[in-house]
Amino acid sequence: MIDIKELRSRPAELKELIERKNVRVDFERILGLDETRRELIGETEKLKAERNAASRDIARLQKEKQDASAAIAATRETGDRIKALDQELKALEEEQRQLLLAIPNAPHPEVPVGNDEEANVFVREWGEKAPAPEWLKDHLSWGEAEGFYDFPRGAKLSGSGFPLYTGPGAKLERALIQFMLDLQSGENGYTEVSTPFLVNSASMTGTGQLPKMAEDMYYCERDDLWLIPTAEVPITNIHAGEVLDAKKLPMKFCGYSPCFRREAGSYGRDVRGFLRTHQFNKVELVKLARPENSYEELEKLLNDAESVLQKLGLHYRVLTLCSGDTSFASAKTYDIEVWSPAEGKYLECSSCSNFEDFQARRANIRFKEGSGKPRFVHTLNGSGLATSRLIVALVEACQQEDGSLLLPEVLRPYLGTERLRGPAA
RNA sequence: GGAGGAAUAGUCUAAUUGGUAAGGCAGCGGUCUUGAAAACCGCCGGGUUAGCGCCCUUGGGGGUUCGAGUCCCCCUUCCUCCGCCA
């Protein structure tokens, strides 16, 4: 959520920044409401001061056994006026809050300006593209032939976009999740958490999925709960409403969760295999950081996400997203894209973002240092990583001519073998 | 699902038949000191204001009242017990 005070003090500057995200924002209504709001506050507070003083007088009169009925009658009227004004004020504040909740975060001033992914900026790459010999099969035809996954039966259970992993495929995915959790909670120093996968509306609003993304999420009406589209939501909200000790910052969490996305409106795009699904598995990284060094923490978070691909020996590149491609709540985002030899292109497998205080203000996550007033933390997160697109790259890069997978060293302890074959072989 | 109890600021803990939130601890700044401790002073939820100040804040929302932490209703969470259950 944008700070109303900031909005009041430099509206033109903020409008220009936010509109770099390729959206139009209108601050006039909100600033008008704010002015009325502050006028109303002045009025009601004056009346309340009157009422408080009158009440004290009444108490004093009654203590002295004097008649206070005239004062009581007069104050009753003041009370009625306060009630009416308070109701007006409350409605106005709610309207202002709804408008504020719908405004995206401003991108960092140094984020490259652009409309779409064409304007994203190359940062660096690691490793080399795996070869794509004639016999190489893409992840879909190879995996279904080898019995690693079964999309038709997944569709039978739930519908298209719900993958079913089978046999060695299920084991491979489990191994990847465990390897990533061990890496992040081990040498990378994150505290591992296992969270609820259904959350309430307050949590969804805290991280910015609500109100704007309601159509993209699964909702259980009966219990008023949402299926999480990413573990970012429960993990970031762990300390919602709290005031944290500055000494504990940065706090670093990692956690696995399935992710549920309706992907409304994206039918027909990247629908093959694992490229875009309604359910996928992901290990997420979240940090709560001090505002002063949140951008240093973003670089470290990015390195931690990259370390997964490095240890797996998979070629990837890092991009800075341009303003138009940066998501609603983010101020700056890096994407990590892993190379798919059979597709012959890069696949997004991680987004690492700094949300600055945008989520912290919504979720009310603050920290206090010394005698200072509580301030909002900066929140960051990144995938570390999503398994679906990782598996695409992995099975293509590690595929041998005989159809087996020659596993990266780091995965062998988890699978108890260096070579994985499907039951079909 | 049923019965009972509880929720006060970072934390702990008070507040008369309803009278306008008192303290302790932790933390931070200052005085003093070679340095530290102790002691003493100040700060330590939010809104509004240039500031003084004023207003709000006792889990959330309503109600009664001149006035609600306190009385009434609804909700949430936690604890105890009963029932059901992997």
Counting only side-chain nitrogens and oxygens, does [X] get under 4.0 Å of the OP1 or OP2 atom of [N]?
| X | N | value |
| --- | --- | --- |
| A/Asn52 | B/C56 | yes |
| A/Lys83 | B/U64 | yes |
| A/Arg76 | B/C66 | yes |
| A/Arg51 | B/C55 | no |
| A/Arg37 | B/U48 | yes |

Figure out the [atom1]/[atom2] separation between [X] and [N], and round it to whole Å.
| X | N | atom1 | atom2 | result |
| --- | --- | --- | --- | --- |
| A/Leu47 | B/C56 | CG | C1' | 15 Å |
| A/Lys248 | B/G10 | NZ | P | 13 Å |
| A/Gln96 | B/G47 | CD | C1' | 12 Å |
| A/Lys63 | B/U20 | NZ | C1' | 13 Å |
| A/Asp57 | B/U20 | CG | P | 14 Å |
| A/Lys90 | B/G60 | NZ | P | 12 Å |
| A/Arg8 | B/U48 | CZ | P | 6 Å |
| A/Leu85 | B/C54 | CG | P | 21 Å |

Across all strands shown, which nucleotide pairs with [N] by Watson-Crick or G-U wobble geometry, both distances under 3.5 Å?
| N | result |
| --- | --- |
| B/U8 | none |
| B/C71 | B/G63 |
| B/C81 | B/G2 |
| B/U48 | B/G53 |
| B/G35 | none |
| B/G18 | none |
| B/C40 | B/G30 |

Could you give the distance separating [M] and [N] at their [atom1] atoms, to the nearest angstrom?
| N | M | atom1 | answer |
| --- | --- | --- | --- |
| B/A22 | B/A36 | P | 33 Å |
| B/G46 | B/G35 | P | 35 Å |
| B/G47 | B/C41 | C1' | 29 Å |
| B/G24 | B/G19 | P | 23 Å |
| B/C44 | B/C25 | C1' | 13 Å |
| B/A68 | B/G63 | P | 12 Å |
| B/G59 | B/U77 | C1' | 8 Å |
| B/U8 | B/C74 | P | 22 Å |

request  = Would you kindly compare A/Thr75 and A/Ile4 by the position of their nearest RNA chain B nucleotide and give the one closer to the 5′ end?
outcome  = A/Ile4
request  = Would you mind telling me which residue lines up with the more 5' stretch of RNA chain B, A/Ala53 or A/Ala71, judged by nearest nucleotide?
outcome  = A/Ala53
Under a 4.0 Å threshold between the charged nitrogen and the carboxylate oxygen, would [Y] count as salt-bridged to [X]?
| X | Y | value |
| --- | --- | --- |
| A/Lys368 | A/Asp245 | no |
| A/Lys46 | A/Glu50 | no |
| A/Glu77 | A/Arg81 | no |

request  = Give a yes or no on whether the ring-centroid distance for A/Phe151 and A/Phe274 is below 6.0 angstrom.
outcome  = yes
query = Are A/Phe358 and A/His378 close enough that their ring centers fall under 6.0 Å?
reply = no
query = With A/Asn281, which of A/Met180, A/Glu173, A/Arg174 fulfils side chain to side chain contact (heavy atoms under 4.5 Å, CB included)?
reply = A/Glu173
query = Can you list the steps and then say if A/Asp3 with A/Phe376 is a side-chain contact (heavy atoms from CB on, under 4.5 Å)?
reply = CA-CA 11 Å; A/Asp3 185 358; A/Phe376 291 112; over 6 Å; no
inquiry  = Tell me whether the rings of A/Tyr218 and A/Phe260 are parallel (<30°), tilted (30 to 60°) or perpendicular (>60°).
reply    = perpendicular
Answer with base, sugar-phosphate or nothing: what part of the nucleic acid does [X] contact at a heavy-atom distance below 4.0 Å?
| X | result |
| --- | --- |
| A/Lys5 | sugar-phosphate |
| A/Ala49 | sugar-phosphate |
| A/Arg81 | nothing |
| A/Glu242 | nothing |

Taking only the side-chain heavy atoms of [X] (C-beta and beyond), determine which of [options] contains the nearest atom.
| X | options | value |
| --- | --- | --- |
| A/Lys247 | B/G27, B/G46, B/C44 | B/G27 |
| A/Ser55 | B/C66, B/G47, B/G45 | B/C66 |
| A/Lys368 | B/C44, B/C66, B/C56 | B/C44 |

